[in-house]
Amino acid sequence: MVKSNESNINLPSLFSKKVFRIPDYQRGYAWLDRQLTELWEDLEDIELVDGEYRNHFTGTISLKQIPLSEIPETDKWLSNNGFYFYDVVDGQQRLTTLVILLFELIQLWAEGYPDKKEELQKNYIYREYSDDLRTYLFSYRETDNNYDFLLSEIFEDKNVPCVDKVNIYVNNLRYAKSFFKDKLEKMELGERIKLFSKIQTALVFDVKYIDDSVDVQAVFETMNNRGKPLTILERLKNRLYYLASKCSPSNDVTLSINNVINKSWKIIYSQLGMSELDAYKSQEAEDEFISAYLTVIRRPTYYSFSEKEAEKKIFEMFSNRAQNYPLHYSRTEVDDVEMEPKVTTSKIREFVLDIADFVPNWCEVIKGEDNQLRKILCMSSSKEVKLFLAELLRLKDVNLDLATECINLTEKLLFRNSIPGLFVMDERTFATKARDLHTGDKKMDDVISDLKERLAEPCIPSNMVSQFRNLFNYVRGNIGYHRWWGLRYFLMEYEEYLQKEMKEPVPHVSWENFFDISIEHIMPKNYSDNWQPEMDEYKKYKQGLSDDDSSKSERILLNTLGNLTILMQRKNASLQDSPWVDKKVRYSTGSYNEIEVSKTVQWNQDAILKRGMKLLHFMESKIEGLHFNEQEINEMLFGHEQYAVGISINPAPMLET
């Protein structure tokens, strides 16, 4: 029997004879500093009027009674004592926050509180049947991924094993506990007593009880928590629960499907939440994942689903009229469009099992713990590349050798793609290849053949010369090789080569810190103080150039490949323009690039040319079929032969008359 709705009830009335559970279809705890601060300031602003604190409306709590059959055996003793168990359909963020605040207040209990500590714990935290049997008045359902964390870490229950768990929701719970603990520990006892009184008497709620005849998931789907819209994954999970209940032939089948959904979403959330993400980055990670996964099971309008298009498609797939929507999207009108299959328990089951199977591989890619995957993502971290790598990781269980070969070819192709003039494939097509592999339309042998065919396309150095020459034509900002987006990666590849050449066991620069690596001019841009003789040596061959071309020649020498090196760490900025004798000492303890440079006796135009040539020959060794002649090397390094080292552009001598 459903109770009547209640209005303007305070916290003791709200908790009277009730046990609250967060149902499985709810997301985890999502409040952050802004919401916690708003609540704290609301409490501070509650005024005392005529000896009583003014009521503060705290929101609506929507509850649905849990059937006796769903109450765990260990908790039924409390049900037998007149307590009702409820799922919190709406309002869980507010309730979770208030319970954490109450717990921290009770932990700081001292003489002067309105009730004894034991009474306060009984009213708001837990009831004890015996020394080893305790029922919490507020918690997640036992099947929830974060149930044990809430009890052991937030409620400090030593009888519950502590699980070292990291995901966005436990991070938020941990932060809320720390937030209130810090605030309360700074308060005097009298201030805490006033706060406790405000919470118990001034906060009022409306309570709505949801009838059994109402589809609770449909109700939940229309609700948002305070300022925090549900993510696609959260709404999808609820949608699947709802549809499972609609298309299941029996309650047993519904429960079975719900268990599969639960297990799959536990895997998804635990995987996606393994890094210390803030809430907004977490939502971005979830949305990117669902759009990537959808790309391998459905064809988007273009190469991969955008987050917005994925949201539209996913709810077409799982709607009451899914069969009215096309299976795949298309850029043009297509006759005889294949339609989505109708939603059945089989469709739901296959989907949730497959997405749970895909997510660990996706997360292995984005975590970047494997050095080769990390290197590939340093070249391209596009969604298309990431999902292709994730699919290859999934297929490692099918054929390790072929999957490994495919990953190696991917690295080679992206490296070639990174060099201007050698582009061979739009990397967005990796999304199509991933989908073909996932659906079984193509085998890894097919993909390997295609990648090899693309890598076998002829290398045309003249195309590279033309592309790099354009980089020297800029007059503002960086010019030349500093404008090549693949430069950092190329120098890191050379760093690995030098480490092997020097037979050193330990890297000096890590791929983990790739995006923190800086690139320095060896002969500095501000050369006039300490490097004027070296520049004069170069310029004496360029006296026949116009003023503009003469100025350009300086910029080219400073920004050509041979004059650039990666730094092991950010050096003291005051040393950047130092003379060679000082830089040489500094470089001798740096990256292997720096160490190699430090072995040069004098850094001048000849050293710059020599190093540039060595780096281009290294590039040749990395790309099959790439070979430069002497003129191409000069033009690759200096744009035009007239700017090359050792090429004289002196004015013709005057003839005697």
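Side chains are part of it too, since the values below use all heavy atoms of this structure and drop only hydrogens, waters and symmetry mates. We count residues from 1, following the sequence as given.
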Please check if the side chain of Glu286 supplies one atom and the backbone of Ile232 the other of a donor-acceptor pair under 3.5 Å. no
Heavy-atom closest contact (Ser306 atom, Ser291 atom, distance): O-CB, 3.9 Å
Quick check, are the ring centers of Phe351 and Phe318 under 6.0 angstrom apart? yes
Centroid-centroid distance, Tyr126 to Phe155, less than 6.0 Å: no
With a 4.0 Å cut-off on N to O distance, would you call Glu191 and Lys194 a salt bridge? no
Do the side chain of Lys186 and the main chain of Asp182 share a donor and acceptor less than 3.5 angstrom apart? no
Donor-acceptor pair between Glu309 and Thr301 side chains, under 3.5 angstrom: yes
Between Glu128 and Arg134, is there a side-chain N and carboxylate O pair less than 4.0 Å apart? yes
Classify the side-chain pair Tyr124/Glu119 by whether it contains a donor and acceptor separated by less than 3.5 Å. no
With a 4.5 Å limit on heavy-atom distance, are the side chains of Lys383 and Phe289 in contact? no
Tell me whether the rings of Phe179 and Tyr175 are parallel (<30°), tilted (30 to 60°) or perpendicular (>60°). tilted
Under a 3.5 Å threshold, yes or no: a donor from one side chain and an acceptor from the other, between Asp75 and Tyr129? no
Show, in sequence, the C-alpha distance, side-chain angles and deciding distance for Glu391 and Arg394, and conclude whether the salt bridge (charged side-chain N to carboxylate O under 4.0 Å, His left out) test is met. CA-CA 5 Å; Glu391 184 61 25; Arg394 187 182 72 85; 2.4 Å; yes
Can you say whether the rings of Tyr269 and Tyr169 are parallel (under 30°), tilted (30 to 60°) or perpendicular (over 60°)? perpendicular
So that I can tick it off, tell me whether Glu70 and Arg21 are bridged by a salt bridge, with the cut-off set at under 4.0 angstrom between side-chain N and carboxylate O. no
Parallel under 30°, tilted from 30 to 60°, perpendicular over 60°: which one fits the rings of Trp40 and Phe180? tilted
Is there side-chain contact between Leu195 and Leu184, with at least one heavy-atom pair below 4.5 Å? yes
Locate the shortest heavy-atom distance separating Gly28 from Gln93; write the atom from each residue and the value. O-NE2, 3.2 Å
Lys/Arg-Asp/Glu bridge criterion (N-O < 4.0 Å) met for Lys386, Glu288: yes
Do the non-hydrogen side-chain atoms of Glu142 and Pro72 ever get within less than 4.5 Å of each other? yes
Closer than 4.0 angstrom, basic N to acidic O: yes or no for Asp87 and Arg141? yes
Verify, without hydrogens or angle tests, whether Lys342 (side chain) and Lys347 (backbone) share a donor-acceptor contact under 3.5 angstrom. no
Looking at side-chain heavy atoms only, is the closest gap between Phe305 and Lys312 below 4.5 Å? no
Within a 6.0 Å radius of atom NZ on Lys266, are there more than 12 heavy atoms belonging to other residues, nucleotides or ligands? yes
Side chains of Thr295 and Arg435, heavy atoms from C-beta outward: is any pair under 4.5 Å? yes
Check the side chains of Tyr136 and Asp157 for a donor-acceptor pair under 3.5 angstrom, ignoring hydrogens and angles. yes
Step by step, work out the salt bridge (charged side-chain N to carboxylate O under 4.0 Å, His left out) result for Arg34 and Glu38. CA-CA 6 Å; Arg34 179 177 67 83; Glu38 285 177 0; 3.1 Å; yes
Salt bridge (charged side-chain N to carboxylate O under 4.0 Å, His left out) partners for Lys313, two or more places apart: Glu316, Glu340
Could you check whether any side-chain heavy atom of Phe388 comes within less than 4.5 Å of a side-chain heavy atom of Val385, counting everything from C-beta outward? no
Atom NZ of residue position Lys181 - does it have more than 12 heavy atoms of other residues, nucleotides or ligands inside 6.0 Å? no
Arg54 side chain to Glu47 main-chain N or O, any donor-acceptor pair under 3.5 Å? no
Quick one, Asn55 and Asn8 - any side-chain contact, counting heavy atoms below 4.5 Å? no
Can you classify the ring geometry of Phe20 versus Phe138 as parallel (below 30°), tilted (30 to 60°) or perpendicular (above 60°)? tilted
Can you tell me if CD on Glu188 sees more than 12 non-hydrogen neighbours from other groups inside 6.0 Å? no
What verdict does the salt bridge (charged side-chain N to carboxylate O under 4.0 Å, His left out) test give for Arg192 and Glu104, after you've listed the backbone C-alpha separation in whole Å, the side-chain angles of each residue and the deciding distance to 0.1 Å? CA-CA 11 Å; Arg192 292 203 301 271; Glu104 293 303 318; over 6 Å; no
Donor-acceptor contact present, side-chain Asn10 to main-chain Leu203, <3.5 Å: no
Check Ser319 against Val343 and note the closest heavy-atom contact, atom names and distance. O-CG2, 3.4 Å
For Val352 and Ser264, work out which heavy atoms get closest and say how close. O-OG, 2.9 Å
Side chain of Arg298, backbone of Ile314: donor and acceptor closer than 3.5 Å? no
Indicate yes or no: at least one non-hydrogen side-chain atom of Ile9 is less than 4.5 angstrom from one of Val204. no
Do we see a donor-acceptor contact under 3.5 Å between the side chains of Gln92 and Tyr29? no
Okay, side chain of Lys208, backbone of Ser62: is any donor-acceptor separation there less than 3.5 Å? no
Please determine if Lys76 and Glu73 form a salt bridge, counting it only when a charged side-chain N lies under 4.0 Å from a carboxylate O. yes
May I ask you to check whether Asp45 and His56 show a side-chain donor-acceptor distance below 3.5 Å? no
For residues Ala322 and Pro341, report the shortest heavy-atom separation together with the two atoms involved. CB-O, 3.7 Å
Closest non-hydrogen atom pair between Ile348 and Cys247, with its separation: CD1-SG, 4.2 Å
Would you be so kind as to tabulate the donor-acceptor pairs closer than 3.5 Å made by side chains of residues 355-365, with sequence neighbours excluded?
from   : atom 1 : to     : atom 2 : distance (Å)
Asn361 : ND2    : Asp357 : O      : 3.3

